[in-house]
Each structure stands twice: as structure tokens, then as C-alpha cells.
Amino acid sequence: MNIVPQLQAELGDGCVVIDDIDTMEEQLERAQSILMESKPVAIAFYPDILSKGVEVDVPSRPRPRGYRAQDVQRFVEEFPRIAEGRRVVIYVGSEAARWPNMPALTTQLSELLQAPTVWSVNGANAVSRDNRYGFGYISFGGNDEAMKLWRGIGPDDCVITLGFDPGEYSLNLATIPAGQVWSFTGWTEQYGHIAGEFRHRVRGNYDVVRGDLDATLREVIPQLARRGVGWRPAVDLPERLNTRQISRDVREGSVDFIAFYEQLHQSWRPNSIGFDDVCIAYKDRQYVTQRPHPWIPFHTTHDGSAMGGGFGLGVGAKMADPSLHTFVFSGDGCWRLFGGALADAANLDLRLFIINNGVYGIVDKGLEVVIPDVEKRRYHSSLPSIDFVGAARAHGWDGYRVKPDLSNLKEIMDACYETTGQSIVIDVPVDADQVIGLNPRLNNLTTKTYL
Ligand SMILES: Cc1ncc(C[n+]2csc(CCOP(=O)(O)OP(=O)(O)O)c2C)c(N)n1
């Protein structure tokens, strides 16, 4: 099977084919420059290349960093006048999470502008949990306060986007109905852009401030502070970001998934990283925890949304930096897409939680909305159960099953933070009917689209 045309179709220049050993350095340099633009790369080697010995020297060449001075100048001049007396909302997207020190910078900006702040699930990594102006995650698995705020935005409001996640899971394909949007970005060819911009996703005025987000904010914040930012209406700051009542009454043998995530949130230790696969974890974790944790950035796979991708990200992260405590949260359905690869990752010290609810849960709950008249057995969503601890051991991993009352979760987390060299599967029994994070995407879906 030739997968190169498929990779070229998906990644364009990011598909680097090495078919001539003499041009390998050049090709790897090209791959590096694409990665420096935060874009994905797949390298395909012809088989006869793989069998040759070669010395390559491709030194790391960081891309030039900075911001466009005239954009910053214009913003600091115009902002106080345009935003005078108006509410300013900050939206933090995943681009912001690329740069160091962003949690401190976003807090400074929120404080300076007295701006309620929301974030996409990957943008959360650029937000501090101590940001008083934090209203929460929006859209898929979004917090109630953040959703109320975001849905209430209208022509009188201004929005500052730090990065722009245009996808279905972050903006639900909607345009931002604010009267004024300033889009801060250092990227020019982002997914979903038109001519390097997101003007088509904004109802009112749209201005771009170009530059690396950390460099731009380090310039903008002191300049605005000196000039003054004008008057703004007072904002009531929420302490708790959720208001829905969710049943804690779960099927016998299952954990209360809210309590599970609350306890996990207290258990993280420094130098951790987490990945959520395409399962309820990628909407329920952020709903329950509300704010990011400083010791564990989390990345979810909602952009491609291909089940099993979270496992690959976890393997990649661990191989790139073995010192990172690496946690993957996947579903019992997703397992079916990577289970055969387990033996190859047995000695990676990976930690894999299987959120085991016995169904393709997102599909099962989604179809109730999309095709309400079809009887449930035709969803084909129930999954024959697997002994995940047994399967883990059979593949050279260790395995644990979380007790319904969570009484062994502390012991499991202690084991997760021991670096023994052996990977661990943790089976988490969950009741599929305990619906926690919401899925606003469902309202867009019809029988002509795919879940
Ligand atoms: C490769 C792939 N196939 C199908 C889908 C559609 N899909 C989205 S979520 C989902 C169910 C996932 O099931 P599971 O891993 O058990 O997680 P749960 O939703 O139950 O938490 C499916 C089939 C997808 N996103 N990717």
C-alpha cells in the first residue's frame, strides 16, 4: 500500500519523502523548518534508504522570534479608544500554549483589562489556575460559566484571541459575534485560515496583531499599562465554574467519574504530561477540573479526532523525553485501535488509563440526539468487555483496576509515579449514563454527517 499520496494530501509540504540518501540532510532541514512553524511532519523513507548507513548533521536552527512593531503600535493606540466602556473577553487558544511563561502573561493581561478569560482545551496550557478572571473551558466539555459568558457575547463586546482554534470542538464552527475582535497570532497558515486570517469567523471588526504571542504580550502589557486601558464595566468573578446538577448515583461497580477526576487532580506531581484520546475523557476531564493544573499540561486529540491517536501521542512524548511522567486517557472502544501495539510499548514506563464504560459512549449518547427515532440496539454501540488488567499483563505491562469507591487510587498513583521501566494499564470502570461534559457539536450533526 502506498500511503505517501494520503500523507501528501493531509500534510502538504509536511510530508517529507526521503528517496535519495544524498539529499537527506536537506530534507531533514526542511522538516525542521516546518516543525518550527508548529506544523506536523511525516517523514517517509524508501526501504533501500533505510538499509544504508549515513552520517547526517542537521543542527537545530530556531526560527527568528518577535512581533510586528506596527501592529503592536496600532493596537496600543486604538485599544483604549475602541474598548472604552466595553466588556473585553480574552480567548486563549492552543497557539498560546506553545510558548513559555504564557500562564503568567495571560493572567497579567486579564488583570490589566479586567477581562473575563476563556480557553480551548489545549489553550488551557497557557492559562494559570490562579487567574481570577478565568471563566473556564469553552465548547466541547465546556464549563457552564464559560459557556454562559461566551454565548452572551454580542456587538457591544470586544474579544482578544490569543491564537485561534477554529475547529468544531473549540468554537463549534460558529463565528464570534463580537463587535470587535483583535486576533493575536504568530502563525500564518493555520488550519482553517483564509489568506492567513480568520476574518471569516468574526461578525464585527477584525484586526490582526502579528507576532509570537509571548513576545507580543511582553511588549503590549507594559505599554497599555502606561497609557491606561480606559474604563470597563465591573465583572462578577465566579469561584466555581460549573452550575449544572449532575447525578453522582452510578451503576454498581462503577466509579463516580466526577470524584475520580477530582481526586486525580489532587494527585499530579511535577514534570507530568497528559493526553486525552477520543472518548469521554476528552470532554469530562476539563469539565470536572475546571482549571488547568500547573504540573500537568494536557493535550487532547480533538483536531483530527481519530480514535487511538492519544496513545500515539503518549508514546511519542515519552520517547522524546523519557523523564516526563506520561499519562494517556483512552476508551475501551479506542483500545481496539492500538491494543495490538501494546507489547511494543511495554518498557516505556507509559501510564494508560482505560475509561471503561462498555460502549462507544460518545456515539451512544450522540445518536440519542442525532437519530432519536431509531431504536438503541441499532446504534451498534455496545462493546463486549475485555479484561484489561489481564490483557496488560499478557503484553508485558503491569495492570490495576480502580475500585468503585476509589480506595486504591492513591496506591495506583504512587505506582504510576515510580519509574520502574514497565508500562502500566489502569482500568477505570465507568457508568456510561453519568453524562458530565456536554457535547454542543451534536446540535450540528445530522444523518448526513459523521459522529
Ligand atoms: C477512527 C475513528 N473511528 C470512529 C470515530 C467516531 N467516534 C467518535 S467517539 C467514538 C466512540 C469512542 O468509544 P470509546 O473509546 O469507548 O470512548 P467513550 O466514548 O465510550 O468514552 C467513535 C466511534 C472516530 N472519531 N475515529
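In each ligand, atom 1 is the first atom listed, and ligand 1 is the first ligand listed.
Checking only distances, C279 never comes within under 3.5 Å of ligand 1, N or O to N or O. Not a single N or O atom of A306, backbone or side chain, sits closer than 3.5 Å to an N or O atom of ligand 1.
The closest heavy-atom contact to atom 15 (O) of ligand 1, among the options A432, C334, G366, comes from C334. When the heavy-atom distances from atom 25 (N) of ligand 1 to S305, G331, A281 are ranked, the shortest goes to S305. For atom 19 (O) of ligand 1, the nearest non-hydrogen atom from the set V359, V363, I362, N439 belongs to I362.
In summary, the aromatic rings of F198 and H193 are positioned with their centroids too far apart to meet the 6.0 Å limit. No close placement of the F388 and F353 rings is indicated, their centers lying 6.0 Å or farther apart. The aromatic ring centroids of W150 and F135 lie 6.0 Å or more from each other.
Which parts of ligand 1 touch N357 is read off a 4.0 Å heavy-atom cut-off, strictly below it: atoms 18 (P), 20 (O), 21 (O). Applying the 4.0 Å criterion to heavy atoms of G361 picks out, from ligand 1, the atoms 18 (P), 19 (O), 20 (O). Here is the list of ligand 1 atoms found below 4.0 Å of a heavy atom in I280: 18 (P), 19 (O), 21 (O). Applying the 4.0 Å criterion to heavy atoms of G333 picks out, from ligand 1, the atoms 14 (P), 15 (O), 16 (O).
The salt bridge (charged side-chain N to carboxylate O under 4.0 Å, His left out) analysis of residues 420-440, with sequence neighbours excluded, yields the pairs R251-D431, R251-D433, K365-D433, R401-D427.
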For ring-ring contact (aromatic ring centres under 6.0 Å, His included), just list the numbers for W119 and Y137, CA-CA rounded to whole Å, side-chain angles, deciding distance to a tenth of an Å, and then say yes or no. CA-CA 5 Å; W119 46 87; Y137 295 82; 5.8 Å; yes
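Contact between V278 and ligand 1 is present, with at least one heavy atom of the residue lying under 4.0 Å from the ligand.
Under 3.5 Å, the side chains of T419 and D349 contain no donor-acceptor pair of N or O atoms.
Applying the salt bridge (Lys or Arg N to Asp or Glu O under 4.0 Å) rule to R129 yields no partners; only residues at least two apart in sequence or on another chain are considered.
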